[in-house]
Structure formats: structure tokens, C-alpha cells
Amino acid sequence: MVQYTYRFEKLLTIREQEKQQTEMAYKEAVRSFEKVATQLYELLKKKENLIEYQNERLKNGLTIDEIHHFAKFIDSLEHTIDEVQQKVKQARVKMQWYEHKLVEKNLEVRKYEKMREKDYSAFQEEQNRLEAQHLDEISSLMYNKKIFR
């Protein structure tokens with residue numbers, strides 16, 4: 001019996017490797033996004049806590065210097081938050097791009113796998129046909145051998 005070989009096996013292997021690389025890049029992009037998003041969350045929480053603290057202090061009375069100090073600190077914090085928000089947007093776009101690429105690679109690999117399944121089915125059918133033909137030939141030879149004796 002003939003050994004089955006898929007004619008696009010090397011191509012399928014390459015596509016699977018590309019898929020794995022894209023998957024690793026996607027996971028890294030997700031980690032990066034989560035890291036930056038967590039940083040943004042912490043900054044927003046810090047700002048919220050600072051405003052609450054400032055409001056509490058305002059009830060008890062603050063000096064003008066302290067009010068200026070809080071205002072400058074909040075402005076600085078808001079500037080940092082804006083920068084981190086831009087980083088979050090960039091990280092999200094990068095993550096979504098890799099997600100899209102990963103879906104493409106998955107589809108591509110799946111196409112080759114489906115082609116391999118169909119090719120293997122056709123190979124098996126051909127092997128079964130050849131085997132049946134071979135058995136028919138053997139039975140014909142056996143029958144002819146019995147008749148001529």
C-alpha cells in the first residue's frame with residue numbers, strides 16, 4: 001500500500017508557524033494593553049482620591065498655597081492621564097490589529113487542513129478502488145486457473 005503524503009504539508013507547516021508567531025505577538029499586545037490600562041486606572045483612582053482628600057481639607061480650611069499646590073498636582077496628574085490614555089488607545093489598536101491577523105491566520109491554516117482532509121479522503125478512495133481492482137484481478141486469475149485445469 002502506498003504511503004499518503006500531502007502535497008502542501010510544508011506550506012501548512014509554515015502557515016502554522018506563522019499562526020503561532022502571530023498568536024504570541026497577540027498575547028504580548030494583550031499583556032501590554034492590560035499593563036497600560038491598569039496604569040491608567042491607577043492614575044484615575046489616584047486623582048479621584050486626591051480630589052476627595054482636597055474636598056475634605058477644604059471643609060476644614062486650606063491655605064492658598066495648599067490650594068495652589070493641589071491644583072498644580074491635579075493638573076500634572078491630568079496631563080499624565082492624557083498621555084496614558086493615548087498609550088491605551090495605541091495599545092488597543094495594536095491589540096485589535098494582532099487579533100485581526102490571528103483570525104486571518106487561523107482561517108488560512110483551517111483552509112489547508114480542510115484541503116488535506118479532502119485530499120486524504122480522495123487518496124483513501126483511490127486506494128480502496130485500486131485494492132478492489134487488484135482483488136478482482138486475483139479472483140479472475142484464480143477462476144481462470146480452475147477452468148483450465
Side-chain angles (χ1 to χ4, degrees), residues 1-140:
M1 189 169 189
V2 178
Q3 184 89 19
Y4 172 73
T5 54
Y6 179 50
R7 60 186 167 176
F8 296 123
E9 192 65 40
K10 289 181 182 178
L11 194 56
L12 176 61
T13 303
I14 291 170
R15 296 294 185 240
E16 286 174 339
Q17 289 172 349
E18 288 174 352
K19 177 186 153 196
Q20 289 173 351
Q21 291 172 347
T22 304
E23 191 171 358
M24 290 186 328
Y26 171 70
K27 286 179 181 179
E28 181 58 36
V30 168
R31 275 193 292 274
S32 175
F33 172 76
E34 289 173 347
K35 181 181 175 185
V36 176
T38 301
Q39 184 181 4
L40 177 63
Y41 172 78
E42 289 171 354
L43 286 170
L44 290 170
K45 190 71 177 162
K46 186 177 183 178
K47 178 183 172 188
E48 182 182 317
N49 291 339
L50 182 63
I51 290 173
E52 285 178 20
Y53 177 72
Q54 181 184 13
N55 288 336
E56 283 296 316
R57 293 286 311 263
L58 279 173
K59 290 178 186 176
N60 297 332
L62 278 175
T63 65
I64 292 183
D65 285 341
E66 288 176 323
I67 293 172
H68 283 292
H69 173 71
F70 278 120
K72 285 182 182 179
F73 190 70
I74 289 174
D75 283 344
S76 172
L77 201 54
E78 286 176 346
H79 180 71
T80 304
I81 287 171
D82 289 340
E83 289 175 359
V84 174
Q85 281 177 331
Q86 290 302 316
K87 289 180 183 178
V88 167
K89 287 178 186 176
Q90 291 171 352
R92 181 181 294 119
V93 168
K94 183 178 179 182
M95 181 181 68
Q96 289 170 341
W97 185 83
Y98 276 115
E99 183 179 25
H100 178 71
K101 284 294 177 191
L102 185 58
V103 168
E104 286 178 0
K105 297 294 180 185
N106 278 329
L107 287 174
E108 210 170 304
V109 167
R110 187 68 190 127
K111 283 181 205 175
Y112 282 104
E113 288 173 344
K114 197 73 168 167
M115 285 173 41
R116 179 173 56 189
E117 290 171 10
K118 287 180 182 179
D119 190 51
Y120 184 68
S121 293
F123 171 78
Q124 282 185 318
E125 287 176 16
E126 179 64 17
Q127 290 302 308
N128 291 340
R129 188 189 67 76
L130 290 174
E131 185 178 350
Q133 183 181 7
H134 184 67
L135 289 174
D136 288 346
E137 289 173 5
I138 290 174
S139 65
S140 280

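Along the sequence shown, residues carry numbers from 1. Worth knowing before you read on, the calculation uses all heavy atoms, side chains too, and leaves out hydrogens, waters and symmetry mates. Computed from a predicted model, the values in this text were never measured in an experiment.
- Looking at every heavy atom in both residues, Ala25 comes nearest to Tyr98 through CB-CE2, 3.4 Å.
- Note that NZ of Lys87 is 10.0 Å distant from OG of Ser32, once rounded to the nearest 0.5 Å.
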Test salt bridge (charged side-chain N to carboxylate O under 4.0 Å, His left out) on Glu117 and Arg110 and set out the steps. CA-CA 10 Å; Glu117 290 171 10; Arg110 187 68 190 127; 3.6 Å; yes
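- Using a 4.5 Å cut-off on side-chain heavy atoms (C-beta onward), Gln39 and Lys35 make no contact.
- Considering CD of Gln17 and CG of Leu12, their distance stands at 10.0 Å, rounded to 0.5 Å.
- Interatomic distance, Leu77 CG to Phe70 CZ, rounded to the nearest 0.5 Å: 12.5 Å.
- Side-chain atoms of His134 and Glu131, non-hydrogen and from C-beta on, never get closer than 4.5 Å to each other.
- Between Tyr26 and Lys101 there is no side-chain heavy-atom pair separated by less than 4.5 Å.
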Quick one, Arg31 with Glu28, criterion salt bridge (charged side-chain N to carboxylate O under 4.0 Å, His left out). Give me CA distance, side-chain angles, the key distance, then yes/no. CA-CA 5 Å; Arg31 275 193 292 274; Glu28 181 58 36; 3.1 Å; yes
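- Side-chain atoms of Ser139 come within 3.5 Å of backbone atoms of Leu135 as a donor-acceptor pair (strictly under, hydrogens ignored).
- A ring-centre distance under 6.0 Å is not found for Tyr6 and Tyr120.
- Atom CD1 of Ile138 is surrounded by more than 12 heavy atoms from other residues, nucleotides or ligands within 6.0 Å.
- Contact detail for Leu43 and Val84: the closest heavy-atom pair is CD1-CG2, 3.6 Å.
- Looking at Glu108, Gln20, Glu113 one by one, the single match for side chain to side chain donor-acceptor pair (under 3.5 Å) with Arg15 turns out to be Glu108.
- A donor-acceptor contact closer than 3.5 angstrom is absent between the side chains of His100 and Gln96.
- No side-chain heavy atom of Asn49 sits less than 4.5 Å from a side-chain heavy atom of Lys46.
- Between Leu130 and Gln127, some side-chain heavy-atom pair lies under the 4.5 Å cut-off.
- Rounded to the nearest 0.5 angstrom, Phe123 CZ and Tyr4 OH are separated by 8.0 Å.
- Salt bridge annotation for Lys59-Glu56: present, with a cationic side-chain nitrogen under 4.0 angstrom from a carboxylate oxygen.
- Looking at residues two or more places apart in sequence or on another chain, you find a salt bridge (Lys or Arg N to Asp or Glu O under 4.0 Å) between Glu9 and Arg116.
- Taking CG from Asn106 and NZ from Lys19, the interatomic distance works out to 4.5 Å, rounded to the nearest 0.5 Å.
- Looking at Glu66, its side chain does come within 3.5 Å of a backbone N or O of Thr63 through a donor-acceptor pair.
- Considering only heavy atoms from C-beta on, Leu40 comes within 4.5 Å of Leu44 through its side chain.
- Counting non-hydrogen atoms of neighbouring residues, nucleotides and ligands closer than 6.0 angstrom, the CZ atom of Arg7 reaches no more than 12 such neighbours.
- With rounding to the nearest 0.5 angstrom, the CG atom of Leu102 is 11.0 Å from the CH2 atom of Trp97.
- Applying the salt bridge (Lys or Arg N to Asp or Glu O under 4.0 Å) definition to pairs two or more places apart or across chains, those involving residues 68-81 are Lys47-Glu78.
- Put simply, the side chain of Ile74 reaches to within 4.5 Å of the side chain of Gln54, judged on heavy atoms.
- Of all the heavy atoms in Met95 and Ala29, the pair that sits closest is CA-CB, 3.8 Å.
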